[in-house]
Amino acid sequence: MAKPPASLSGQDEGSFAYLTIKDRIPQILTKVIDTLHRHKSEFFEKHGEEGMEAEKKAISLLSKLRNELQTDKPIIPLVEKFADTDIWNQYLEYHQSLLNESDGKPRWFYSPWLFVECYMYRRIHEAIIQSPPIDDFDVFKESKDQNFFESQESIIALCTYLQELVIAIEDVDENQLKNEFFKLLQISLWGNKCDLSLSGGVSSSQKTNVINSLEDLKPFILVNDMEHLWSLLTNCKKREKTSIRVDIVLDNSGFELVTDLILADFLLSSKLATEIHFYGKTIPWFVSDTTIHDFNWLIEQVKHSNHKWTSKCGVDWEKYIKMGRWVYHDHIFWTLPHEYCAMSQVAPDLYAELQKAHLILFKGDLNYRKLTGDRKWEFSVPFHEALNGFHPAPLCSIRTLKAEIQVGLQPGQGEQLTASEPNWLTTGKYGIFQYDGPL
Ligand SMILES: O=P(O)(O)OC[C@@]1(O)O[C@H](CO)[C@@H](O)[C@@H]1O
Ligand SMILES: [Mn+2]
């Protein structure tokens, strides 16, 4: 197989990677520092003087980090001892070994963007865990929760839609069922527009009812493999009958997570699947990504809604978890900097888990970057090739485009878009359902 192309990186001045490292990441760091400041009295109430000292320590570590970044200092090893520390430091050494002597050390604007951006979030976590007793503070929790509350109207509309569908599901014919499946897939796709790291942590919630916009948004789906997903699941149903497992590698909490849970509920209610496995992040990640706390918190909120159909969703979701029909998994691999083609080597247990799925849905932009290695692929390279050997089970990326990477387009399609709309890759306006697996 030919060597994969070079990584996206901050070396390319003016690129989205460059602008992210130069502007967006420092902005996120500043916001984190501000969040800690604002929680000062809460830390004092909870932990007394010690809490205040911890806040100071975390802020000084984060200010140091911001300075390292802005002056393009070398990437330094992690110092604390956490479950993933050695793997991170080995990864850093590996990148060091790739450089010639004249290149110096891995640096913020020089090394692969995927590496330095993941490293930044890991260093934020390091600053927090080095600052007990506030070492379990999630610096992004507030904005994730705010996104959920600001999206209330859309959430209620979606929950109502789902419950009305579920009541009638026995009478829905095959064609209608397919139509509903496609609708809920698209809702989950456009739910990915709402991540908070793209907006530099500034609120980005869903205020309109997305169900009514689906037809208008269709032209913006650049790769649409929804039919393959339908064939795959209906064929599984015809053949296997007993168990059909769909795994969802989650992305953002708040509104996007609701759209994913609605889809997951529909898969069970329609019997297109019999069990759903979710994967979240073990540490706060890329501002809005889902941790187990966010997952449980959101279901609890939905359950206690004073809207009848919304709370019915929460009650059902909790029941699915109790029955083991919904299973949540944690794994440190998801917050490492590795491309997914390295998973079978770095996290063979996780790879083996994913192999049990009949279909894996990868939500969001960062998952796409890791699936394709965040490299400068030509737009027309087949998705299968860009996956570079990562094929645990049939899989599909459901992503709105928020980074300068896209494969599997028709010849000339990417170039045409670039000519007419220079920012098409990074605004989240376009989306894909990109499938890889047997047809
Ligand atoms: O994975 P998500 O939530 O869809 O997007 C994460 C994201 O905002 O972070 C990166 C830049 O900071 C971009 O690649 C991408 O837009
Ligand atoms: Mn995200």
Side-chain angles (χ1 to χ4, degrees), residues 7-10 12 15-32 69 108-109 112-124 138-141 143-144 147-148 188-206 248-260 278-291 294-295 298 334-335 337 339-340 361-377 397-406 423-434:
S7 303
L8 297 175
S9 120
D12 301 320
S15 66
F16 188 68
Y18 169 82
L19 293 172
T20 298
I21 303 168
K22 186 168 96 43
D23 301 328
R24 219 143 40 85
I25 293 187
Q27 191 186 337
I28 288 168
L29 270 173
T30 303
K31 199 150 187 268
V32 169
L69 188 162
W108 292 89
F109 284 86
W113 174 35
L114 180 62
F115 171 30
V116 297
E117 195 174 23
C118 291
Y119 173 79
M120 198 277 300
Y121 287 98
R122 184 59 182 80
R123 281 284 300 274
I124 295 181
D138 179 347
V139 292
F140 303 125
K141 176 91 182 110
S143 31
K144 288 184 275 196
N147 173 285
F148 173 80
S188 164
L189 167 66
W190 299 119
N192 180 245
K193 259 188 182 173
C194 293
D195 86 276
L196 294 164
S197 84
L198 191 64
S199 58
V202 174
S203 167
S204 137
S205 50
Q206 180 63 40
I248 305 182
V249 182
L250 294 171
D251 186 6
N252 304 308
S253 186
F255 181 70
E256 180 171 356
L257 179 57
V258 174
T259 65
D260 297 336
F278 299 99
Y279 302 84
K281 309 293 195 288
T282 49
I283 64 174
W285 195 245
F286 279 68
V287 189
S288 34
D289 285 19
T290 308
T291 65
D294 302 322
F295 187 83
L298 184 136
W334 303 114
T335 50
E339 332 174 19
Y340 290 163
L361 303 177
F362 284 89
K363 283 300 313 282
D365 195 74
L366 180 62
N367 273 323
Y368 193 74
R369 291 172 58 193
K370 288 187 163 189
L371 285 166
T372 53
D374 212 33
R375 294 172 180 281
K376 298 177 188 175
W377 297 102
S397 160
I398 302 181
R399 160 235 190 192
T400 59
L401 279 59
K402 292 179 270 182
E404 283 169 328
I405 179 163
Q406 183 57 53
N423 292 332
W424 67 283
L425 283 161
T426 55
T427 54
K429 171 176 166 187
Y430 291 93
I432 54 160
F433 294 98
Q434 197 157 39

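Throughout, residue positions are numbered sequentially from 1 according to the sequence presented. Remember, it's 1-based here, ligands and their atoms both numbered in the order they're listed.
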Problem - ligand 1 atoms in contact with N252 (distance to a heavy atom under 4.0 Å) - result: 3 (O)
Problem - Enumerated ligand 1 atoms positioned under 4.0 Å from heavy atoms of R369 - result: 10 (C), 11 (C), 13 (C), 14 (O)
Handout entry: R369, R375, K370 screened by side chain to side chain donor-acceptor pair (under 3.5 Å) with E339, the one that passes
Key = R375
Fill in the blank from the handout: Near F286 (heavy-atom distance under 4.0 Å), the atoms of ligand 1 are 9 (O)
Practice task
Scan residues 278-291 for pairs that pass salt bridge (charged side-chain N to carboxylate O under 4.0 Å, His left out), counting only residues two or more places apart or in two chains.
Solution key: K281-D289
Problem - Parallel, tilted or perpendicular: rings of W113 and F16 (30°, 60°) - result: perpendicular
Completion exercise
So the atoms of ligand 1 within less than 4.0 Å of a heavy atom of D365 turn out to be 1 (O), 2 (P), 4 (O), 5 (O), 13 (C), 14 (O), 15 (C), 16 (O)
Practice task
Pull out every atom of ligand 1 sitting under 4.0 Å from any heavy atom of D251, numbered as shown with elements.
Solution key: 1 (O), 2 (P), 3 (O), 4 (O)
Handout entry: Polar contact flag for K402 and ligand 1 (N/O pairs, less than 3.5 Å)
Key = yes
Exercise for the section: Mind checking salt bridge (Lys or Arg N to Asp or Glu O under 4.0 Å) for R122 and listing every partner two or more places apart, or none if nothing turns up? Expected result: E80, D84
Exercise for the section: Would you kindly say whether Q434 and Y368 are connected by a side-chain donor-acceptor distance under 3.5 Å? Expected result: yes
Problem - Atoms of ligand 1, numbered as shown, that sit under 4.0 Å from any heavy atom of L366 - result: 1 (O), 2 (P)
Handout entry: Opening angle at the Mn ion (ligand 2) [OD1, D289; OD1, D251; to 10 degrees]
Key = 80°
Practice task
Examine ligand 1 and decide if any of its atoms is less than 4.0 Å from a heavy atom belonging to Y121.
Solution key: no
Completion exercise
So the atoms of ligand 1 within less than 4.0 Å of a heavy atom of A403 turn out to be 14 (O)
Exercise for the section: Using the six-membered ring wherever Trp is involved, compare the ring planes of Y340 and W334 and label them parallel, tilted or perpendicular (cut-offs 30° and 60°). Expected result: perpendicular
Problem - Metal proximity, N252 vs the Mn ion (ligand 2), N/O/S cut-off 2.8 Å - result: yes
Practice task
Look at the aromatic rings of W285 and Y121 and report parallel, tilted or perpendicular, splitting at 30° and 60°.
Solution key: tilted
Exercise for the section: Flag R24 as yes when one of its N or O atoms lies below 3.5 Å from any N or O atom of ligand 1, and as no otherwise. Expected result: yes
Practice task
Measure across D294 and L257 and return the closest heavy-atom pair with its distance rounded to 0.1 Å.
Solution key: O-CD2, 4.4 Å
Handout entry: Proximity of K363 to ligand 1 by residue part, where a heavy atom lies under 4.0 Å
Key = neither
Practice task
May I ask you to check whether Y119 and W108 place their ring centers less than 6.0 Å from one another?
Solution key: yes
Handout entry: Close-contact set for ligand 1 against W113 heavy atoms, below 4.0 Å
Key = 11 (C), 14 (O)
